[in-house]
Structures are given as C-alpha cells and as structure tokens.
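This report concerns only the one structure given below.
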Amino acid sequence: MIKRAKPKAEPLPEAAPGGPRHVAIIMDGNGRWATQRGRPRLFGHHAGAKRVREVVEACPEVGVEYLTIFAFSTENWKRTQVEVAGLMSLFRRYITKETRSLSEFGVRVRFIGDRVRLDDKLIKLMNELEEATAHNTRVHLTIALNYGGRDEVARATKRLAQDVADGRLDPENVDEETLPKYLDTCVLPDPDLVIRTSGEARISNFLLWQSAYAEYEFIDTLWPDFTREEFAALCASYGGRDRRFGGVKT
Ligand code: IPE
Ligand code: IPE
Ligand code: MG
C-alpha cells in the first residue's frame, strides 16, 4: 500500500517581537465535542490528545519556549470511573506513542501535579519520558497531571514548614521568592499567557500562584478543534497587550 505523505502545514506568521515566552493552556471541551457528535466522552479525549502535538510543534515558529498544558485536575477524580480509567489509559498510551516524536522534535517534557495517586505503570512512564527528554531545550512542555493549584501550594507549604522545623529555613527570611521554590513549577518562568478553550471563563485551580500577572484568553473553540493557526493568532495578539504589573506606563 502506498502511504500518502502528510500534507505540509502552511508556515505560520513569523513570531512577533514581545510575544509570550510561556503559554499555559486549559484544554477544555473534549466532552462537549464528543457529545455534539453523539459519541462517548472518551472519544473527545482521544481527539483532544491528538491536538497537542500540533500546538507543541508550532511553539518554535511563534517564539514560545515554554508550553504548559492542563491534562487532569485534582478535581477530575470526581468523574465516572469509566471516564477516569479511560483517561489514565489514554495518558499511558499517549506517553508510549509520543515519546519518540517529542524527543526527536527537541521537546523536554516535565510533569507537574501530585503523582502519589497515579498508578505505578503511569508513574514509571512519566519518569522515563522526563529522563528520555531531559537533554532537550527546543520546547519545554509541562504536562499538569493530577494537578491542582491549591494542592500544589499545600504540598509546597508542607515542605517549607518541614524545612523550618528542621532548622534549614528561618521564618524571618520567608518572602515572595521563597514559596515558588517549593512549587512543582520551581524551574519554570511564570506563564505570560493562559488560554482556556470551550467558552468557560474560569481558571479551575490552574497555576494559581504562577498566573498572578498572566494575560488570559478565553476562547469558544472546543479543544479538539483548536488549531496551530488559532494558537499563533493568540500569541500574536498577546504581543500588542500593555502589561503594566501594577505600574504606570511611562
Ligand atoms: C477537558 O475536557 C479535559 C479534561 C478535563 C480531562 P472536558 O472533559 O472537561 O470537556 P467538557 O468540559 O466536559 O466539554
Ligand atoms: C479543567 O477543566 C481541567 C482540565 C482541563 C484538565 P474542567 O472541565 O475539569 O473544569 P470545570 O469543571 O469546568 O471547572
Ligand atoms: Mg470541562
């Protein structure tokens, strides 16, 4: 059988100066996308997973160095057992299937979130993917899996308190710079732009501390319909925003 070559994607408009360095995405709307098609919710999750590579590969073209995606929240365990088990199996399959192409593209993958509740097989795959891509620098992809902003701050505070109890940290020296060092994201810059798909205008416990000064884009597109062109357009419009960080433009 002759394999038809994948049509080459049109080049994206060149990265505008002042574009976002770190984009975080709340990939929402998979369930509704599937329901609209009369299919089970997991069909939407599979379609959603396929969009990730396209967005990752667009990053260098639009000047994005860090991409952080929300894959599963600490609250998502409330869903049916079928959906949760299906998602966990999808994550295992996704990692197994994508490791090679992510690595070849120069993607460094990191996971944030609490791994304790995840199954051993998934944890092993996550560790292996992090190790296999640790030398890459082209795109820093962070996958938030069993992640919740409040949970992250609580876990960070616990470790910080332990350092105080053990005499390694003086409470007098605790300031705004201290807590981020204990967060899962300690090696990442703060997100510049947070995108949420599916028309919901809420952050659902995502990167609470880190997004204090992020710009937000809430767009109607359901995640499985999100394209690299839309991603590029959002990054381009970010370049035109006036981020004042509480100051006054001079
Ligand atoms: C986002 O899509 C993916 C996860 C939360 C895992 P949803 O599953 O929340 O889709 P909707 O919001 O129900 O459409
Ligand atoms: C946020 O979406 C979590 C992820 C995208 C993984 P949800 O669909 O879980 O958020 P809510 O329930 O609408 O706030
Ligand atoms: Mg949702």
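In listed order, ligands and their atoms are each counted from 1. Model, not experiment: these values are computed from the prediction.
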Verdict with reasoning, Trp209 to Asp190, per side chain to side chain donor-acceptor pair (under 3.5 Å):
CA-CA 9 Å; Trp209 174 284; Asp190 284 344; 5.6 Å; no
Thr133/Arg110 under side chain to side chain donor-acceptor pair (under 3.5 Å): CA gap, chis, key distance, verdict
CA-CA 9 Å; Thr133 61; Arg110 295 181 177 90; over 6 Å; no
Please walk me through it: do Tyr147 and Asn205 pass side chain to side chain donor-acceptor pair (under 3.5 Å)?
CA-CA 8 Å; Tyr147 175 86; Asn205 207 7; over 6 Å; no
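Within a 6.0 Å radius of CZ in Arg39, no more than 12 heavy atoms belonging to other residues, nucleotides or ligands are found.
A side-chain N or O of Glu83 and one of His45 form a donor-acceptor pair less than 3.5 Å apart. With 3.5 Å as the limit, one finds no donor-acceptor pair spanning the side chains of Tyr66 and Arg108.
Residue contacts with ligand 2, taken as heavy atom pairs separated by less than 4.0 Å, involve Ala71 solely via the backbone atoms N, CA, C and O. Under 4.0 Å from ligand 1, the heavy atoms of His45 that appear belong solely to its side chain.
Ion pair Lys124/Asp120 not flagged as a salt bridge, since none of the NZ, NE, NH1 or NH2 atoms sits closer than 4.0 Å to an Asp/Glu carboxylate oxygen. For Glu104 and Arg138, the salt-bridge test fails: no basic side-chain N is under 4.0 Å from an acidic carboxylate O. Salt bridge annotation for Glu130-Arg115: present, with a cationic side-chain nitrogen under 4.0 angstrom from a carboxylate oxygen.
In this structure, of Asn146, Ile69, Ile203, Ile26, the residue bringing a heavy atom nearest to atom 1 (C) of ligand 2 is Ile26.
Taking every non-hydrogen atom of Arg79 and a distance limit under 4.0 Å, the qualifying atoms of ligand 2 come out as 7 (P), 8 (O), 9 (O). Within ligand 2, the atoms closer than 4.0 Å to a non-hydrogen atom of Phe72 are 6 (C), numbered from 1 in the order shown. Residue-ligand proximity, Arg202 to ligand 2, at heavy-atom distances under 4.0 Å covers atoms 11 (P), 13 (O), 14 (O). Under a 4.0 Å criterion applied to the non-hydrogen atoms of Arg32, ligand 1 contributes the atoms 11 (P), 12 (O), 14 (O).
Its N, O or S atom nearest to the Mg ion (ligand 3) is what matters here, and for Asp28 that atom is OD1.
With a 4.5 Å cut-off on side-chain heavy atoms, Glu98 and Leu129 do not count as touching.
Nearest protein neighbour of atom 10 (O) of ligand 1, counting heavy atoms only, is Gly31 N, 2.9 Å. Nearest to atom 2 (O) of ligand 2 among the protein's heavy atoms is Arg196 NH2, 3.6 Å. Protein heavy atom at the shortest distance from atom 14 (O) of ligand 2 is Ser204 OG, 2.6 Å. The single protein non-hydrogen atom nearest to atom 5 (C) of ligand 2 is Met27 O, 3.5 Å, given as residue, atom name and distance.
Residue contact check for ligand 1: Ser198 places no non-hydrogen atom closer than 4.0 Å to it.
With hydrogens and angles disregarded, a donor-acceptor distance shorter than 3.5 Å links the side chain of Asn136 to the backbone of Val107.
Inside a 4.0 Å radius of atom 12 (O) of ligand 2 there is not any protein heavy atom.
Looking at Asn76 next to ligand 2, an N or O pair under 3.5 Å apart turns up. Residue-to-ligand polar distances place Asn30 within reach of ligand 1: an N/O pair is separated by less than 3.5 Å. Residue Ser73 has no nitrogen or oxygen atom sitting less than 3.5 Å from a nitrogen or oxygen atom of ligand 2, judged on distance alone.
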